[in-house]
Amino acid sequence: MSGPVLVLHTGGTIGMARSPDGYRPMPGFGAVLRRQLAGVSGLPAFDLVELPQPIDSANLQPAQWTTIAAELVARWDDYRGFVVLHGTDTMAWTASALSFMLRGADRPVILTGAQVPLVEPRSDALTNLQTALLLAGSLRCGEVGIFFGRRLLRGNRSTKSSSIAFDAFSSPNAPALAEVGIEVGIDAGQLLPAGARDFARPVFDPRAVAVLTVHPGLSARQVDALTDDPALRGLVLCSYGAGNLPDAEPGLIDALARAVARGVVVVNRTQCAHGPVVQGAYATGAALARIGVVPAADMTLESAFAKLHVLLATHADPARVRTLFATALCGEMS
Ligand code: ASP
């Protein structure tokens with residue numbers, strides 16, 4: 001495979017500058033970036049495309065996942081790999097969504113960004129981008145990854161775990177795909193091989209999926225208030241430990257059962273960063289299995305949410321969505 005790497009700028013701190021209200025996307029970022037990289041030798045050839053309105057990724061909507069994927073797919077055959085510059089706040093959500101939309105990718109897609117803007121002193125932007133470029137230009141795999149700090153992680157295994165560290169992302173249930181120091185140590189055996197393209201172009205309804213964190217005092221009324229929305233078709237329940245919720249709370253299981261009965265796909269993801277849901281390890285979790293709640297194994301919250309969104313946008317039948325949700329599609333669960 002030959003050709004240059006495409007760098008797609010979507011926004012984020014990497015391309016921001018100070019304003020009276022704090023950091024905002026800066027005009028003319030592309031020109032600044034091109035100048036900064038012009039003198040660096042040894043990088044693969046690349047083209048830079050900027051979305052018309054780079055955003056603070058805190059403003060990301062699911063529809064933007066379709067925009068980003070479409071920008072990549074439209075140019076797929078012209079590039080050997082892709083780097084997506086993205087804000088860190090929702091980078092793991094976007095990387096997860098892209099992994100489910102670009103299944104069977106035959107070239108790498110690497111998301112990166114920065115904790116400190118490119119135009120500020122001590123920025124981590126250039127080191128992150130340069131390594132992401134080198135990885136996107138050299139890896140032969142079907143990974144949608146996040147390169148940040150010193151590690152390449154599988155995107156749908158990643159989570160932003162520090163708001164201040166240069167190593168902002170971690171992958172609590174899966175090993176790093178590469179550790180970068182003086183040498184670039186790639187764990188080739190972990191990389192998803194290049195596949196046969198099975199790309200999806202979902203039309204997302206932003207109200208289709210919600211997240212509910214179980215907490216002491218959670219009531220049936222609170223569950224009803226969330227699940228009564230007719231647009232809601234999927235719910236990520238963030239449960240305690242191995243997948244438990246308070247079954248002594250009157251009506252809580254019934255409220256969830258009503259949602260499942262009306263076709264809402266409810267999935268059970270633990271609040272713990274590390275380890276899987278084992279629904280049924282405790283009686284407090286077994287009730288969820290009885291009413292048809294699907295365990296999310298050891299998926300990240302971001303991955304469970306994005307997977308549910310993509311599946312609901314591409315399949316009408318809740319039973320089919322439940323089956324596919326429980327199936328590993330692109331390395332998102334152990
Ligand atoms: N708020 C920024 C964003 O997500 C943070 C960052 O990029 O680090 O766009």
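Order of listing sets the numbers, starting from 1, for every ligand and every atom in it. FYI, side chains are in, hydrogens and waters are out, and symmetry mates aren't considered; it's all heavy atoms of this structure.
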Checking side-chain polar atoms at under 3.5 Å, does R157 have a donor or acceptor matched by the opposite partner on S334?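 The criterion, which ignores hydrogens and geometry beyond distance, is satisfied for S334 and R157.
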
Contacts of type ring pair (Phe, Tyr, Trp, His ring centres under 6.0 Å), residue F199, not counting sequence neighbours: W76

Identify, with sequence neighbours excluded, every residue that meets ring pair (Phe, Tyr, Trp, His ring centres under 6.0 Å) alongside F169. F148

Expected rows: ligand 1 N/O, protein N/O, dist below 3.5 Å:
residue  : atom  : partner : partner atom : Å
ligand 1 : 1 (N) : D56     : OD1          : 2.8
ligand 1 : 1 (N) : D56     : OD2          : 3.2
ligand 1 : 1 (N) : D89     : OD2          : 2.8
ligand 1 : 4 (O) : S57     : OG           : 2.5
ligand 1 : 4 (O) : T88     : N            : 3.4
ligand 1 : 4 (O) : D89     : N            : 3.0
ligand 1 : 4 (O) : D89     : OD2          : 3.4
ligand 1 : 7 (O) : T13     : N            : 2.9
ligand 1 : 7 (O) : T13     : OG1          : 2.9
ligand 1 : 7 (O) : T88     : N            : 2.9
ligand 1 : 8 (O) : T13     : OG1          : 3.0
ligand 1 : 8 (O) : T88     : OG1          : 2.5
ligand 1 : 8 (O) : A114    : O            : 3.3
ligand 1 : 9 (O) : D56     : OD1          : 3.3
ligand 1 : 9 (O) : S57     : N            : 2.7
ligand 1 : 9 (O) : S57     : OG           : 3.4

Residues passing the salt bridge (charged side-chain N to carboxylate O under 4.0 Å, His left out) test with R258, sequence neighbours excluded, are D224

Which residue is it: T270, N268, T284? I am looking for the one with a side chain to side chain donor-acceptor pair (under 3.5 Å) to S239.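 Filter result, single survivor: N268.
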
Would you call K160-E302 a salt bridge at under 4.0 Å N-O? no

